Amino acid sequence: MTADLFASDEMSLSEQILPDVFFLKEFALGHTEQLLTAISCIEAQSAFRKMQTPGGFYMSAAITNCGEVGWHSDGHGYRYSQVDPLTQQKWPPMPACFLQLAQSAAQRAGFEHFHPDVCLINRYEVGAKMGLHQDKDEKDFSQPIVSVSLGLPIIFQFGGPKRNDPKQRIQLEHGDVIVWGGSARRFYHGVLTLKPGQHDMTGPYRYNLTFRRAG
Ligand code: MD3
Ligand code: FE
């Protein structure tokens, strides 16, 4: 058996949970303090806010962004824009530690040329959830999405390209990273309600970073 074959074998056993989904358990563990410090800097400039959906409701997770563009909703629709509507300034730049982590996770999953231009940061408080949805506001579906979980655990659920495809559930914990590429880019997914708890590094919250190529 060649070294390469062995490596991909090991990957399929421990990390590849579907053809284009790579679960990198605790991949970010050594970087969480740096990531959380960077989140504090970002939110000092572009605060977390709960967004109104086009249907007129409020999302229960609070969001902010860093990078060349940011994702938000204004009640008319979801979009990426270069300016934070709250500050009328550019979104904070993506910190080097964010980009490095996203690229090394993507590379580990086989995506050699991932160049994210945005990191959406979701903050969940007790009772917050995210209903089943598809991510389809990006232009290039050949680029993966890298997601990083920090703080309290939550149950993540994902299905297939159709809303009622069968679903799997996995618990996402502090430091876990998932890379979604290829066919999985269009899969329905969401998270269940955050349960009360206290995390040593994030207190009552769970944070999720999603790195994307929007433009
Ligand atoms: C599967 N966030 O921000 S991250 C989102 O935990 C979002 O905050 C969730 O869904 C969270 O849009 C889930 C995991 C994730 C992110 C993007 C995906 C799974 C995905 C895109 C396609 C398929
Ligand atoms: Fe999503």
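No experiment lies behind these values; they were computed from the predicted model shown. First listed ligand is number 1; within each ligand, the first listed atom is number 1.
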Are Arg186 and ligand 1 in contact, using a heavy-atom cut-off of under 4.0 Å?
no

Of the protein's non-hydrogen atoms, which lies at the shortest distance from atom 4 (S) of ligand 1, and what is that distance?
Asn208 OD1, 3.4 Å

If you have a sec, work out which protein heavy atom is nearest atom 17 (C) of ligand 1 and how many Å separate them, to one decimal?
Asp135 OD2, 3.4 Å

Would you check whether Ile178 reaches within less than 4.0 Å of ligand 1, judged by its heavy atoms?
no

Can you name the nearest heavy-atom pair linking Asp20 to Ser183, along with the distance?
OD2-OG, 2.6 Å

Considering the heavy atoms of Arg185, write down every atom of ligand 1 situated less than 4.0 Å from one of them.
22 (C)

Are Arg186 and Asp135 ion-paired here, with the side-chain N under 4.0 Å from a carboxylate O?
no

Give the residue and atom name of whichever protein heavy atom lies nearest to atom 8 (O) of ligand 1, and the separation in Å to one decimal.
Tyr124 OH, 2.6 Å

Protein heavy atom at shortest distance from atom 3 (O) of ligand 1
Asn122 ND2, 2.9 Å

Please evaluate residues Leu209 and Leu120 with respect to the criterion side chain to side chain contact (heavy atoms under 4.5 Å, CB included), reporting the C-alpha separation (whole Å), side-chain torsions for both, the decisive distance (0.1 Å), and the verdict.
CA-CA 6 Å; Leu209 313 177; Leu120 168 65; over 6 Å; no

Any idea which of Trp180, Phe187, Tyr207 brings a heavy atom closest to atom 20 (C) of ligand 1?
Trp180

Under the criterion side-chain hydrogen bond (donor to acceptor under 3.5 Å, both in side chains), which of Lys90, Arg49, Gln89 is the partner of Asp84?
Arg49

Heavy-atom pair with the smallest gap, counting every atom of Glu138 and Phe141
O-CE1, 3.1 Å

Using only atom types and a distance under 3.5 Å, with no angle test, would you say the side chain of Asp140 pairs donor to acceptor with the backbone of Arg213?
no

Proximity of Arg212 to ligand 1 by residue part, where a heavy atom lies under 4.0 Å
side chain

Going by the 4.0 angstrom heavy-atom rule, the piece of Ala61 near ligand 1 is neither

Please report which non-hydrogen protein atom sits nearest to atom 13 (C) of ligand 1, along with the residue it belongs to and the distance in Å to one decimal place.
Phe156 CE1, 3.6 Å

Mind checking whether Phe158 contacts ligand 1 via backbone (N, CA, C, O), side chain (CB onward), both or neither, at a 4.0 Å heavy-atom cut-off?
neither

When you draw lines from the Fe ion (ligand 2) to NE2 of His189 and to NE2 of His133, what angle lies between them, to the nearest 10°?
90°

Ligand 1 to Val191, heavy atom cutoff 4.0 Å, flagged ligand atoms 6 (O)

Over 60° means perpendicular and under 30° means parallel, so classify the ring planes of Phe48 and Tyr207, tilted if in between.
tilted

Would you say Ser147 and ligand 1 have an N/O pair spaced under 3.5 Å apart?
no

Candidate pair Lys25 and Glu173, rule salt bridge (charged side-chain N to carboxylate O under 4.0 Å, His left out), full reasoning:
CA-CA 8 Å; Lys25 184 79 195 147; Glu173 295 176 319; 2.8 Å; yes

Side chains of Asp137 and Trp71 only: does a donor on one sit below 3.5 Å from an acceptor on the other?
yes

Lys/Arg N to Asp/Glu carboxylate O, Glu125 vs Arg206, below 4.0 Å
no

Is the shortest side-chain N to carboxylate O distance from Asp117 to Lys139 below 4.0 Å?
no

Determine whether the aromatic ring centres of residues Trp180 and Phe158 are separated by less than 6.0 angstrom.
yes

Is Tyr188 close enough to touch ligand 1? Criterion: a residue heavy atom under 4.0 Å from a ligand atom.
no

Identify which of Lys129, His189, Arg206, Arg123 has a heavy atom lying nearest to atom 10 (O) of ligand 1.
His189

In terms of residue, atom name and distance, what is the protein heavy atom nearest to atom 16 (C) of ligand 1?
Thr210 CG2, 3.8 Å

Per-atom filter on ligand 1: closer than 4.0 angstrom to a heavy atom of Ala184 are 22 (C), 23 (C)

Would you please classify the geometry between the Trp91 ring and the His72 ring as parallel, tilted or perpendicular, with 30° and 60° separating the classes?
tilted

Is the contact between Met130 and ligand 1 made by the side chain, the backbone, both, or neither, using heavy atoms and a 4.0 Å cut-off?
side chain

Under a 4.0 Å heavy-atom limit, does Leu120 contact ligand 1 with its side chain, its backbone, both, or neither?
side chain

Asp135 atom (N/O/S) at minimal separation from the Fe ion (ligand 2)
OD1

